[in-house]
Each structure stands twice: as C-alpha cells, then as structure tokens.
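Beneath this line is the structure, given in structure tokens, with notes to follow.
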Amino acid sequence: MIDTIDRDLNPPLSDERAWLNILARYRQPYLKRSVIELIVTAIPFALFWVGAWASVHYSCWPGLILIVPAAAFLLRLFMIQHDCGHGSFFARRRADDWTGRVIGVLTLTPYDYWRRAHAEHHASAGNLEERGIGDITTLTVSEYRALSWSGRLNYRLYRHPAIMFGIGPAWLFLFKQRLPFGMMQAGSLPWISTMATNLAIVIISGVLIWAIGILPFLVVHLPITLLAGAAGIWLFYVQHQFEETHWSKKPEWQFSHAALHGASHYDLPLALRWISGNIGIHHVHHLSSRVPYYRLPEVLQDHPELAGVGRITLMESLHCVKLVLWDEQSRRLISFRDAAKLP
C-alpha cells in the first residue's frame with residue numbers, strides 16, 4: 001500500500017510520465033498469489049468441461065449450461081496467458097513463457113506469435129500512423145469517405161456486431177491463428193510458435209476424440225471456445241473503442257498519454273471483474289503493462305483519481321458498438337449516422 005503522504009504527492013493526471021514512476025511500485029508479482037490464481041482458474045475450467053461432457057454422455061441436456069462457466073474460466077485462463085506475455089505473472093521469463101505456451105494450446109492462441117503482435121499493439125495503440133497489428137481496424141471519417149462503395153461495404157460488414165462478435169471469434173481462433181498472419185516474414189519464432197501450438201492442439205484433440213468421441217467433443221469444446229473468444233473480443237473492443245478514446249499522429253502522439261487516455265476503465269461488476277482478470281482497468285494496464293492483473297485494483301484503491309479516467313459502465317459499453325469512425329475534427333469516435341451528418 002502507498003501511504004497517505006505519497007497520495008498527497010500524486011501528480012496531476014496530465015503528467016503521465018510521473019504516473020509511470022508511481023505504477024512501477026506495483027510491478028512485482030507475488031509468487032504464491034500467482035500460483036493460487038492459476039489453480040483456482042485451471043481446476044474449475046477442467047471440472048466444468050468434464051461436467052458438460054458428462055451431461056452429453058448421460059443425455060442430461062440441461063447440464064450443457066455448464067458450457068457457460070467453462071467458457072468464463074477459459075477466458076480467465078487467457079488473461080493469465082496475457083499477463084505471461086507481458087512477463088508480469090511470475091516475473092520469471094522462463095516460467096511465464098512456458099505457462100503461456102501451455103495455456104495457448106487451450107485458448108487456440110500460439111503464445112510467442114501472439115506475444116509479439118500484442119507488444120506491437122501496446123507500443124502503437126492510439127497512433128493513427130501505426131494501425132493494423134493486434135488491434136481493431138478503425139478508419140477515420142476522411143479515410144472512409146475516400147473508399148469505393150465496395151470498400152465502404154466491406155468496412156461496414158467488418159464492423160457489424162454479428163461479424164465482429166459472431167463470425168469474428170470463429171475466424172480468429174479456429175482459422176486465422178493457425179498461421180502467423182502479419183508476421184509471415186518475421187523470422188522463425190512466429191512459425192515455430194504457431195506450428196507447435198497447432199501440433200499440440202491436434203494431439204490433445206485427437207486423444208479426447210478417441211476417448212469420448214468426436215460429436216461429444218465438438219458439442220462441448222467448440223461452444224466453450226467460441227463463447228470465450230466472443231467475450232475476449234468484446235472486452236478488447238470496449239477497451240479501445242469508446243467515444244473519448246485517443247487517436248493522433250506523431251509528433252502529437254505520445255506513448256504515455258495514448259496509454260492512459262486511449263484505453264478505457266471498463267468498470268464491471270465484481271464477479272465479471274474477477275472472471276476477466278481485471279482487464280477492464282485497461283488504462284492502467286496500458287500505462288504499465290508489467291503490473292500483474294491482480295494488483296490493478298490495488299492501484300485504483302491507492303490512487304482513486306485514476307478510476308475516473310475513461311470510465312465506462314456495463315450499460316454504457318453497449319453504446320460503443322455503433323462507434324466505428326474516428327472524427328479528427330471533434331477528436332472522438334462516432335457512428336456511421338453521425339459521420340453522414342458531417343459537412
């Protein structure tokens with residue numbers, strides 16, 4: 001905890017660089033806590049998975065509702081993998097990497113390939129000149145208007161909720177992540193990571209199919225994967241696609257300002273905050289990605305002035321779905337309808 005004197009000496013929110021020094025105090029993970037977090041996530045996931053399979057095996061169809069909590073704990077496993085990618089879960093690179101690689105087989109996400117892409121996202125978030133790696137494609141109003149009619153149609157389809165949160169998770173987790181798209185010529189590591197993960201997925205899936213049959217496997221595991229994927233994409237979407245987010249070009253773009261003001265504080269109910277690994281405290285995470293997810297609430301407790309930065313509630317987040325274009329004049333995300341009204 002930070003004592004009262006430190007609180008009184010907190011810099012203004014506009015001094016993002018000073019906040020970097022303050023957040024550095026929270027970067028050390030607790031080994032015992034990390035191990036417990038892993039256990040209380042992996043074991044319930046396995047139990048709910050087995051329970052869902054048992055409901056299929058014994059034709060107790062109401063038991064398939066267990067797919068929902070299984071997906072929730074798979075999402076939480078991904079959040080642990082996410083912290084491992086930042087080196088913040090155990091703060092031991094070897095332990096973080098191998099934990100992330102193992103979890104990556106369950107989440108269908110090749111760890112080393114994803115870690116590199118996600119690092120690029122953190123390094124360039126909010127930079128209009130460096131879009132395209134590890135983020136949601138976002139056009140400015142002028143860029144959208146410059147497209148052909150087919151280009152506008154493609155962008156509208158891409159940003160449609162049914163595509164973004166329905167077809168999108170299936171495409172991303174089942175197909176796109178089977179090859180290192182975006183890093184095809186970035187050396188051997190993305191290929192090794194992707195192919196090794198694919199091989200492990202095939203082996204584990206083959207063993208499970210041999211043990212329980214292909215139909216029960218697909219009925220149980222496919223919905224779990226897609227539900228967890230849809231939830232993950234929704235969280236990632238809301239964390240950057242909110243009205244008062246930040247986009248700019250260099251030299252105006254500065255990492256610390258874009259990190260604090262370009263990511264939201266998605267203020268979720270306590271249960272959802274726990275299952276999502278506190279990833280809703282995304283502005284603090286972007287400003288200092290080495291802070292373990294279980295210490296992010298501690299940051300807000302010690303520095304409550306950060307809680308109001310980019311804050312959106314669960315109900316307010318539903319409004320974010322229609323925010324699809326960056327208006328460089330008003331410096332906010334707007335809808336297609338609002339863009340049509342602009343001169």
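Sequence positions, counted from 1, serve as the residue numbers for this chain. A quick note: this is a predicted structure, and the numbers were derived from the prediction, not measured.
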Counting N and O atoms only, with roles assigned by atom type, does the side chain of Trp253 sit under 3.5 Å from a partner on the main chain of Ala125, one being a donor and the other an acceptor?
yes
Do the side chain of Ser34 and the main chain of Phe89 share a donor and acceptor less than 3.5 angstrom apart?
yes
Flag the pair Leu300 / Leu296 as yes when at least one side-chain heavy-atom distance between them is below 4.5 Å, and no otherwise.
no
Between His246 and His283, does the ring centroid distance fall short of 6.0 Å?
no
One pair to check against side chain to side chain donor-acceptor pair (under 3.5 Å): Tyr294 and Asn278. What are the steps and the verdict?
CA-CA 7 Å; Tyr294 51 78; Asn278 299 311; over 6 Å; no
Measure the shortest side-chain to side-chain distance between Phe90 and Val35 over non-hydrogen atoms and say whether it is less than 4.5 angstrom.
yes
Just how far is it from atom CD1 of Ile275 to atom CG of Leu74, taken to the nearest 0.5 Å?
10.5 Å
Phe165 and His160 aromatic centres sub-6.0 Å:
no
Tell me, do Tyr111 and Trp98 make a side-chain contact under 4.5 Å, heavy atoms counted?
no
What's the verdict on ring-ring contact (aromatic ring centres under 6.0 Å, His included) for His286 and His240, showing C-alpha distance, side-chain angles and the deciding distance?
CA-CA 11 Å; His286 259 262; His240 294 281; 4.8 Å; yes
Considering only NZ, NE, NH1 and NH2 on the basic side and carboxylate oxygens on the acidic side, decide whether Asp327 and Arg332 come within less than 4.0 Å.
no
With side chain to side chain donor-acceptor pair (under 3.5 Å) as the test, would you mind laying out the steps for Gln177 and Thr109 before giving the verdict?
CA-CA 6 Å; Gln177 292 190 153; Thr109 303; 3.1 Å; yes
Mind checking whether Trp19 and His303 have ring centres under 6.0 Å apart?
yes
Please confirm whether the ring centroid of Phe242 lies under 6.0 Å from the ring centroid of Tyr266.
no
Where do Gly262 and Thr245 come nearest, in terms of heavy atoms and distance?
O-OG1, 2.9 Å
Does Glu120 pair with Arg131 as a salt bridge, N-O distance under 4.0 Å?
no
Audit row: Arg311, Glu316, salt bridge (charged side-chain N to carboxylate O under 4.0 Å, His left out) steps and yes/no
CA-CA 9 Å; Arg311 179 180 178 271; Glu316 290 170 341; 5.0 Å; no
Given side chains that start at C-beta, do those of Leu342 and Asp338 come closer than 4.5 Å, heavy atoms only?
no
Spacing of Ser150 atom OG and Asn154 atom CG [to the nearest 0.5 Å]:
6.0 Å
Is the distance between the ring centroids of Trp114 and Phe78 under 6.0 Å?
yes
The salt bridge (charged side-chain N to carboxylate O under 4.0 Å, His left out) partners of Arg156 (sequence neighbours excluded) come to none
Would you call Leu306 and Val299 a side-chain contact if the rule is heavy atoms closer than 4.5 Å?
yes
Closer than 4.0 angstrom, basic N to acidic O: yes or no for Arg115 and Asp112?
yes
